[in-house]
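Written below as structure tokens is the structure these notes are about.
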Protein chains: 2
Amino acid sequence: MTEPAAPQDGRPRRRSERARVAILDATNELLHENGLDNLSIEAVAARAGVGKQTIYRWWPTRPALVADALLHRDDLEPLLAPDTGDVVKDMTRWAGALADSIGSPRGAATLRMLTAAATEHPEISRRLHERFSGPLQSSALERLKNADEITATPSQRRHAVDAMIGGMVFKVLAHQKLTRAGAAESVRIVLRGLGV
Amino acid sequence: MTEPAAPQDGRPRRRSERARVAILDATNELLHENGLDNLSIEAVAARAGVGKQTIYRWWPTRPALVADALLHRDDLEPLLAPDTGDVVKDMTRWAGALADSIGSPRGAATLRMLTAAATEHPEISRRLHERFSGPLQSSALERLKNADEITATPSQRRHAVDAMIGGMVFKVLAHQKLTRAGAAESVRIVLRGLGV
DNA sequence: CAGCTAACGAGACGCGGCGTCTCGTGAGCT
DNA sequence: AGCTCACGAGACGCCGCGTCTCGTTAGCTG
């Protein structure tokens, strides 16, 4: 995110920062007010005080705009696992922070809308992974790798991390409660499964 | 599913079974051809050889139709865990069957579209849980509960099951590979975490 | 500073799908 | 045999789509 003036492709001409931010803000507001599939470009343009063409000029598709808008505000922060030497404590803290983030009403709404948008648009899926789940996975994997008491194979570590993240994401998508305590319990189970 | 002639509410009048099935089939075809957000009621009516009013008469919203259609064909079967006495073998078989189901191209597409539809419509979410994830969870929970070698609390069993299901669902939604072998490895880790 | 130029706000355009309505018609109960 | 209500068909006004064409203006270049 936060490319000041250029899209990324071959035509980096001068671009109004004011319009760009107004569009992303308006999109965010409307998404949280009316939901993903009631979002219209016309409404975004009207609220942002912008011509429709300005939106179509810089975002090729509606989902691209949605992804930019939702990832623009840091409702979903790819929290990194600390390394204090105590792998259980570190992973618990990591999972707790994630639970706080995607378990909050706003974070859950953001995650759900991003998931829905990513579902049909591989490009959005890529962006979501690059900005959120990727760093999340990498950070957790790295922390497990650095834990002396864990002798698991890389493949096992990957499945373990996916089970922890997936378990939490699944609860959110299924509209089940996701608490810090629940996240901690999941982490304890999976880490014990890795031999800790 | 498969209520022969009545919707379920207070007005169970005579209803054309031919039209009902034609509509669900047409919806399924169009969903897999064009994706969720390119599905138009007009196109469904045209392909089914049906008046639009017939669709609007029996399904209140587009997502309701989508859910009925996707759950009508049994692309997603809520596979139940067997009980042979060997809990690792049983859970591995259960997870393997699930991986086959939602890991196949068609199953993955169905799961993604249902997830997207459920994201914005709690009603669909409820239906999906009732028809798919609910039985899946219950069956796994029951099997774990019956395993003498597992002394985990109910809460721990729930988190363990969510970690297994969530880990697999997460891989599908994130467009990662989901294999039978990977599912087996996840199961092994989580069960070991439960003390097996 | 002056001039150029492309992005800007505004909005008109045709199009396609929306959800509602109004027709005969015919299937299926009584 | 008669009644009745769901049916297929399609017309209706409406709305948002994505494209286009206007001046206007911000900001680079000389």
Side-chain angles (χ1 to χ4, degrees), chain A residues 3-27 29-31 33-69 116-117 120-121 123, chain B residues 3-27 29-31 33-69 113 117 120-121 123:
Chain A
E3 60 257 30
Q8 76 271 6
D9 69 326
R11 230 188 38 192
R13 302 309 291 258
R14 60 193 130 118
R15 171 174 185 174
S16 161
E17 181 67 7
R18 189 196 68 73
R20 191 186 130 263
V21 172
I23 290 167
L24 293 174
D25 286 347
T27 302
E29 291 172 20
L30 290 168
L31 279 174
E33 284 172 24
N34 308 326
L36 178 58
D37 51 36
N38 292 319
L39 182 82
S40 75
I41 298 289
E42 306 238 345
V44 173
R47 178 163 307 195
V50 141
K52 287 200 290 173
Q53 190 67 308
T54 301
I55 299 179
Y56 285 111
R57 178 152 38 228
W58 298 104
W59 287 276
T61 65
R62 206 187 65 136
L65 172 61
V66 168
D68 261 6
E120 302 225 57
H121 302 270
E123 162 67 11
Chain B
E3 60 257 33
Q8 76 271 6
D9 71 325
R11 228 188 40 193
R13 304 306 293 260
R14 61 193 129 116
R15 171 173 185 174
S16 162
E17 180 66 8
R18 188 194 67 74
R20 190 187 130 263
V21 173
I23 289 167
L24 293 175
D25 286 347
T27 302
E29 292 171 19
L30 290 169
L31 278 174
E33 284 172 22
N34 307 326
L36 177 58
D37 50 37
N38 292 317
L39 182 82
S40 75
I41 300 289
E42 306 239 345
V44 172
R47 178 162 308 193
V50 143
K52 286 200 290 173
Q53 190 68 313
T54 302
I55 299 179
Y56 286 110
R57 177 151 40 230
W58 299 104
W59 286 275
T61 64
R62 205 188 65 139
L65 171 61
V66 168
D68 262 7
M113 287 189 285
E120 302 225 56
H121 302 269
E123 162 67 13

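On a predicted model such as this, the values are computed, not experimentally measured, just so you know. Below, chains carry the letters A, B, ... as their sequence lines are ordered, and counting in each starts from 1.
Summarising the geometry of B/A19 relative to B/T54, their closest heavy-atom pair is CB-CG2, 4.3 Å, with the distance given to 0.1 Å. Of all heavy-atom pairs spanning A/W59 and A/R15, the tightest one is CH2-NH2, 3.2 Å.
If you measure from atom CD of B/E17 to atom C1' of C/dA27, you get 15 Å, rounded to the nearest angstrom. For the pair A/L30 CG and D/dG16 C1', the computed distance is 14 Å after rounding to whole Å. Following rounding to the nearest Å, A/I41 (CD1) and C/dG11 (C1') show an atom-to-atom distance of 17 Å. In this structure, A/Y56 atom OH and C/dC8 atom P are separated by 16 Å, rounded to whole Å. For A/K52 and C/dA7, the NZ to P distance is 19 Å, given to the nearest whole Å. Look at CD on A/Q53: it is 15 Å from P on C/dA6, rounded to the nearest Å. As rounded to whole Å, 15 Å separates atom P of D/dC28 from atom CZ of A/R15. Distance A/E42 CD to C/dG16 C1': 14 Å, rounded to the nearest Å.
Within the 4.0 angstrom heavy-atom criterion, no nucleotide atom of any strand lies near B/R62.
Of the possible polar contacts, one joining the B/E120 side chain to the A/L36 backbone as a donor-acceptor pair under 3.5 Å is found.
Taking 4.0 angstrom as the limit, B/R18 places a side-chain polar atom (N or O) nearer than this to OP1 or OP2 of D/dG8. Of the side-chain N and O atoms in B/R57, none sit less than 4.0 angstrom from OP1 or OP2 of D/dA6. Contact check, A/T54 against C/dG9: a side-chain N or O comes under 4.0 Å of OP1 or OP2. Distances shorter than 4.0 Å separate some side-chain N or O of A/W58 from OP1 or OP2 on C/dC8.
The distance from atom OG1 of B/T61 to atom CD1 of B/I41, rounded to the nearest 0.5 Å, is 8.5 Å.
In the helix from C/dC1-D/dG30 to C/dT30-D/dA1, the end axes, each obtained as the rotation axis mapping the C1' atoms of four pairs onto the next four within a five-pair block, lie 30° apart to the nearest 10 degrees.
Under 3.5 Å, the side chain of B/R14 and the base of D/dT4 form at least one donor-acceptor pair of N or O atoms.
Just one of B/D25, B/V50, B/L30 meets the side-chain contact (heavy atoms from CB on, under 4.5 Å) condition when paired with B/V44; it is B/L30.
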